[in-house]
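Below is one structure, written out as structure tokens; the observations come after it.
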Amino acid sequence: MSRTPLVDAWRRALAARRRPMQVPGHKMRYAEGAAGWSYDLVGDLVRDDVPLQGGVDDNAYSNKYLDQAEALWAQSVGADHSRFLVGGSSQGNIAALATVGDEGVPIAIDRTSHRSTQAGLVLIGARPVWIYPRLHPEFHLPIGMEAASLTAVADQVNGFFATSPSYIGTVSDVASLVAATRPRKEPLIIDQAWGAHLDFLPEGGAMRAGADFMVTSVHKALLGYSQTAVVSMRGDLIPTSTLDRWVDLTTTTSPSGTLLATIDGTRAAMERGGAERLALIIEAVAEARRRLARVRGLVVLDDAVAGCRVDPAKLTLILPGTGADGVVLGEALWQLGHGPESADHDTLVFTTTVADEPEWVLEFADLLAALIESHRGEARPSSPLAVWRVEPEVVLTPREAFLRGRRRVPMREAIGEVSAEQFCPYPPGVPLLAPGERVTQESIDAIHAASRVCRVAYCSDPTLETMLIVDSA
Ligand SMILES: Cc1ncc(COP(=O)(O)O)c(C=O)c1O
């Protein structure tokens with residue numbers, strides 16, 4: 001039976017019913033059922049919160065429960081070293097990039113990667129050399145990074161960063177990316193935020209394919225508490241202590257032992273029958289794909305349609321041939337309690353996990369087929385999201401642009417200037433325009449078009465009437 005050092009220690013801490021004369025401020029009074037005053041406004045929300053320090057472990061971390069749990073995770077995913085994170089894969093991406101990059105150092109980065117990579121670049125001052133996944137010729141969706149894209153820039157860069165799986169579930173052939181980077185001994189980071197479950201499939205995830213660093217969100221595709229993620233590394237290109245330094249720099253000094261223990265518990269759950277359960281869900285998704293493929297005009301993304309591997313737990317639908325509008329369907333699904341992972345006019349993305357039941361997946365597929373029929377319209381040409389094909393003119397590094405003076409101008413007057421901020425449609429959280437990039441008519445049109453479909457996040461003026469540009473004066 002797989003060990004669970006953090007989970008066990010967490011349970012003991014809960015059962016101990018201590019009266020701590022230290023943090024947490026809520027004093028873990030939920031354990032004695034405290035009620036009255038206004039505690040009950042918060043008590044339910046902090047129920048089960050045990051800090052790592054002075055809770056799950058003692059103040060000096062004498063028992064090293066976290067270290068033990070991290071070592072078990074590393075062993076499980078084929079890594080030499082893993083660190084648990086409470087700042088999501090966002091923190092993992094920042095820490096991994098900072099580990100391989102430095103001020104002015106060029107790094108090849110997938111321009112369809114998550115906004116957190118830009119945060120990493122701001123922190124360390126590295127210079128992005130943007131690379132792009134292949135786009136599907138008909139649907140204009142990312143279908144995996146190719147080794148040739150890395151090889152093409154290999155003599156200009158000191159590291160590589162690629163995202164796999166993509167938001168829509170397409171998976172890159174990581175082994176071929178490793179083969180492309182290996183001769184130069186420059187590290188390869190794979191953002192596998194959406195594919196934590198892949199590590200528990202027989203073929204394994206990015207670590208087993210030979211990547212040097214891998215970031216996975218435990219809260220997305222597995223069972224972890226929201227915010228939980230892991231950054232893992234293998235090999236000896238960079239010492240593990242360098243990763244530790246950046247993880248420690250970017251994290252809280254008061255992590256929740258509860259959150260961390262859910263990572264430990266998730267790993268053990270996957271080792272104790274979770275992988276078999278995942279196989280059942282994957283079977284159900286395959287059957288759901290078959291049923292949905294019978295809907296006239298609907299394209300269901302699978303390996304054959306995409307021309308690359310597709311995450312077997314993801315359900316991604318391409319709608320234009322049905323005439324149905326994904327935004328309208330997404331809203332209807334939200335009302336029904338089946339919120340989609342993402343919905344734009346053309347595409348619906350659904351995430352299934354080991355916490356689903358196979359029969360729910362099938363019921364959902366039938367409901368979805370009926371919903372699409374009831375919203376059927378004239379087949380239309382596709383109108384793909386602009387985020388998958390942004391090719392910016394990089395004028396300044398993200399760090400230079402972030403730290404320089406800035407001024408606010410009406411959006412239409414910003415054309416030709418350098419953006420000082422990020423415009424990021426959510427989902428998928430890939431910036432349309434980022435600090436340091438030239439503002440163009442095309443970028444402004446894309447931002448306004450995105451705002452009609454979803455939230456454009458992280459810009460300072462949510463009305464999108466003005467924006468901050470780098471003040472070159
Ligand atoms: C590809 C990718 N990487 C990283 C992240 C950040 O993950 P987290 O929300 O765990 O910080 C996301 C979030 O959606 C993502 O899509």
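Every number for a ligand or one of its atoms is a count from 1 in the order of the listing.
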For a quick test of your reading: what N or O donor-acceptor pairs under 3.5 Å do the side chains of residues 202-211 make, sequence neighbours left out?
unit_1: Arg208; atom_1: NH1; unit_2: Ser76; atom_2: O; d: 3.1
unit_1: Arg208; atom_1: NH2; unit_2: Ser76; atom_2: O; d: 3.1

Problem set entry | Exercise: do Ser419 and Glu437 side chains pair donor with acceptor under 3.5 Å | no
Taking distance alone, no hydrogens or angles, what donor-acceptor pairs closer than 3.5 Å link side-chain atoms of residues 447-458 to residues at least two apart or in another chain?
unit_1: His448; atom_1: ND1; unit_2: Ile444; atom_2: O; d: 3.2
unit_1: His448; atom_1: NE2; unit_2: Leu464; atom_2: O; d: 3.3
unit_1: Ser451; atom_1: OG; unit_2: His448; atom_2: O; d: 2.7

Distances under 3.5 Å, N/O of ligand 1 against N/O of the protein: list each pair and its distance.
unit_1: ligand 1; atom_1: 3 (N); unit_2: Asp191; atom_2: OD1; d: 3.3
unit_1: ligand 1; atom_1: 3 (N); unit_2: Asp191; atom_2: OD2; d: 2.6
unit_1: ligand 1; atom_1: 7 (O); unit_2: Lys220; atom_2: NZ; d: 3.4
unit_1: ligand 1; atom_1: 9 (O); unit_2: Lys220; atom_2: NZ; d: 3.2
unit_1: ligand 1; atom_1: 10 (O); unit_2: Ser89; atom_2: N; d: 2.8
unit_1: ligand 1; atom_1: 10 (O); unit_2: Ser217; atom_2: OG; d: 2.9
unit_1: ligand 1; atom_1: 10 (O); unit_2: His219; atom_2: NE2; d: 2.8
unit_1: ligand 1; atom_1: 11 (O); unit_2: Ser89; atom_2: N; d: 3.2
unit_1: ligand 1; atom_1: 11 (O); unit_2: Ser90; atom_2: N; d: 2.9
unit_1: ligand 1; atom_1: 11 (O); unit_2: Ser90; atom_2: OG; d: 2.6
unit_1: ligand 1; atom_1: 14 (O); unit_2: Lys220; atom_2: NZ; d: 3.2
unit_1: ligand 1; atom_1: 16 (O); unit_2: Trp194; atom_2: NE1; d: 2.8

Problem set entry | Verdict with supporting geometry, Ser2 and Arg272, side chain to side chain donor-acceptor pair (under 3.5 Å) | CA-CA 7 Å; Ser2 41; Arg272 298 180 196 175; 3.2 Å; yes
Exercise. Glu393: what forms a side chain to side chain donor-acceptor pair (under 3.5 Å) with it, not counting sequence neighbours?
Worked result: Arg438
Exercise. With a distance cut-off below 6.0 Å to the six-membered ring centre and an angular limit of 45° from the axis, does Arg267 pair with Trp73 as a cation-pi contact?
Worked result: no
